[in-house]
Structure formats: structure tokens, C-alpha cells
Amino acid sequence: MDAQEYLTKIKAKFPDVTDVPVEKLKDGIPALSCPAASLFEVVKYLKEEGLNFLLNLCGTDYKEYFEVIYHFTSLENKVKLALKVKLPREKPAVASITPLHAGADWQEREAFDLLGIDFPGHPNLKRILLPEDWEGHPLRKDYERKPDQYD
Amino acid sequence: MGILLDEAPYILEKFPGGGYVITSADWFINWSRANSLWPLTFGLACCAFEMISSNMSKYDLDRFGVFPRPTPRQADLIFVAGTLSKKMAPRLKKLYDQMGEPKYVISMGSCSNTGGPFYDSYSVVKGVDKVIPVDVYVTGCPPRPENLIQGIIKLQEKIKKDTIKNNGRARIFNKNKS
């Protein structure tokens, strides 16, 4: 099964999943835009269909909104697929996929730590890189650094 | 003792009340301290590899009596080699506090001197002297082993100028105050 077949199958099963405009993709990996509400079900479906390996999970700040990007691959078919989830700036939250892919654990904690994206359903969502008493999320574009004792 | 007796007369000076004995004790203590600096290696980033290669056979820091120790309780000196993040800073302070007096600090590389290329970062300490007092700053990014050796020689010169009157807690206290 190649990437196009996956795209058509997912779009048939989940009508709210849409294509990402091609000019946005720089790495050539086909991508789908997915609403936050159905993300967990889509990832579960992908896992059953053979896209069973999570390559990467990262958060991005686009000033008006946040985006969480998931890269999946199939170890059998050598197919890559990306999922993009747009999140509102006020309360960014998307279901954790750690119950499906254990490798998402630390990457979700990183996105929570540096961008403040909430992942309901994560077993241990706390800061991973910064000290636990840190205030704010430094990779947000509107983060303002306050001088502390080390500055 | 031969070296001692040969060299000692040149650096003797009068000391009120104590005479020659106190001053030569100064010289003897400084001589032994300067030539057996045992460092606690604190490699944090790429500078750590230059520090490691300085200890290896080609540059051989053992020639200067510099012999790496794994625990702060056996160390006189700490090499802070690399980028000190704010999360790591309390650990560095703790290790420094566990070292016995007298203790010396060599800050190795741009990152530990000033924060270096990460000066504007939210998570990097702008110089280890914000956390612990530093004796010698070694420049470079990272410094070559020759540069580190030069820093050790400078520290030895500094130690040889020290006196018992200033040693221990008093030395550290004065340095923080100024």
C-alpha cells in the first residue's frame, strides 16, 4: 500500500480530515490536516492499518495558533505520512497518543514543557527539560524572559 | 627536599613575630599545593573532550600533578568545561560546596566564562562566576589542550603567591566580597 492509498482511505473513513496544501510541504511527505477531536481515532486507525511507527512528534508556534505535527511510517511498506493538528492559542489541548505509541511519551512532555500544549490522557505530563519550578513556556513566540539570579 | 633547600632562600622574607619559619612554611605549602592539583572533572559540553584529551597521553596533565578525581571530596580544583544550564547550576554549587578547602576553579571555554554563543538563551547561565567564584578563565571555543595547560600554569602561579594568612575560608570570603 502506498501513501496515496492511505490518504484516500483515511479521508473516506474520517470526513473531517483534509489535505494540507502541497506548497506547504517542503520535505515531500504527504500530510493530512486533522481536527484535534478526532486525532486519537485517526492514529488508532493508522496503527491498525500498518502505519505503526511514530517517527516524530513536535509542536510549533505560528503566532495565531499552535500546531502539533506527527510523522508516522510503516516498517513494512516504507510509507511516510504526516498528521497536522491545529490548536487554538488560548487553550491548546489534544489527546495524548502515548497509550498507542509509547515513544510519544517524552516528546509530548517536551511539547508541554516548551510550548505549553496540554495532552489529556498522558500518564505523566510534567516538565522534562526545564527545572520543575520554571514559569512559562519559553518556545512560545510571546514568551518574555524575566531576569533571574543567573542573568 | 633538595629542591626546597636550593630554591627556598630566594623567596624568604621577613614576617613580624614569625621570622623565617612562617614564610618558608608558606612557600612549602604553596609549592606542594600547586604541584598536586587534583581536579574534579565537570564536563558539560564539547569542552569536556578537550579536557579529556588534555589528560590523555599526548598532553599528559599528569606532568603537572593534575590527576582527575571522580569525587569532590578528593579534589582541589574543578574544571567547569562547557555550557552551564540553569537546571545544572544548583548541582555545580552543591559539588563545589562538597570540595574541601582550599579549592580552586578553572572556567574552561566561552560558555562557562560568559555564556558564549548561548548568551541570549533562556536556559543558560551567563558565566559560572554567577554561581561559584572562578580563579582562572580559559578562553576558546573550545580551548585547545595547550590553552588549558596555560590556564593550569597560571593557576599554579597564583597559588604560589598565596599565603597562610589568606588561606581557607578567608580567601573565598574575600573573593566573594570584592
Side-chain angles (χ1 to χ4, degrees), chain A residues 56-69 87-93 96 98 103-119 122-151, chain B residues 42-48 78-99 105-135 137-139 141 172-173 175-178:
Chain A
N56 188 24
L57 190 164
C58 64
T60 323
D61 186 357
Y62 284 108
K63 287 189 180 172
E64 293 85 29
Y65 57 92
F66 289 111
E67 202 167 66
V68 181
I69 299 151
L87 300 173
R89 202 170 171 91
E90 293 76 48
K91 215 179 167 193
S96 167
T98 307
D105 185 345
W106 283 13
Q107 311 204 24
E108 283 178 348
R109 279 176 67 187
E110 187 190 15
F112 166 75
D113 188 0
L114 301 176
L115 283 163
I117 296 168
D118 191 17
F119 291 93
H122 192 286
N124 183 29
L125 195 66
K126 58 179 188 182
R127 289 194 185 275
I128 183 169
L129 294 168
L130 294 168
E132 294 202 357
D133 55 352
W134 192 278
E135 283 173 22
H137 304 283
L139 286 197
R140 285 191 176 192
K141 300 280 185 198
D142 57 356
Y143 177 75
E144 277 178 24
R145 188 157 56 85
K146 280 176 265 171
D148 56 17
Q149 79 228 50
Y150 301 124
D151 283 315
Chain B
F42 200 72
L44 293 165
C46 41
C47 282
I78 180 168
F79 289 136
V80 186
T83 321
L84 183 68
S85 67
K86 285 174 184 172
K87 198 174 182 180
M88 197 65 172
R91 279 79 170 174
L92 173 65
K93 177 81 178 134
K94 191 169 193 176
L95 281 173
Y96 178 77
D97 288 343
Q98 285 176 346
M99 285 163 64
V105 179
I106 289 184
S107 161
M108 183 181 174
S110 294
C111 291
S112 59
N113 290 343
T114 63
F118 308 107
Y119 184 81
D120 288 327
S121 169
Y122 55 87
S123 62
V124 172
V125 178
K126 294 174 177 37
V128 288
D129 47 7
K130 308 274 185 209
V131 186
I132 55 176
V134 176
D135 291 276
Y137 297 87
V138 178
T139 58
C141 187
I172 302 298
F173 179 67
K175 206 176 350 177
N176 279 341
K177 216 170 147 191
S178 58

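Just so we're on the same page: letters track the sequence lines, and every chain starts at 1.
Both the backbone and the side chain of B:Val125 come within less than 4.5 Å of a heavy atom in chain A. Only the backbone of B:Ser121 comes within less than 4.5 Å of a heavy atom in chain A; its side chain stays farther off. Only the backbone of A:Leu129 comes within less than 4.5 Å of a heavy atom in chain B; its side chain stays farther off.
No more than 12 heavy-atom neighbours from other residues, nucleotides or ligands sit within 6.0 angstrom of CH2 on A:Trp106.
In this structure, the separation between CD on A:Glu132 and NZ on B:Lys87 is 7.0 Å, given to the nearest 0.5 Å. To the nearest 0.5 angstrom, B:Tyr122 atom OH is 5.0 Å from A:Leu114 atom CG. In this structure, OG on B:Ser85 lies 9.5 Å from OH on A:Tyr150, to the nearest 0.5 angstrom.
Annotation for B:Lys86 and A:Asp148: closest pair NZ-OD2, 3.3 Å, computed over non-hydrogen atoms.
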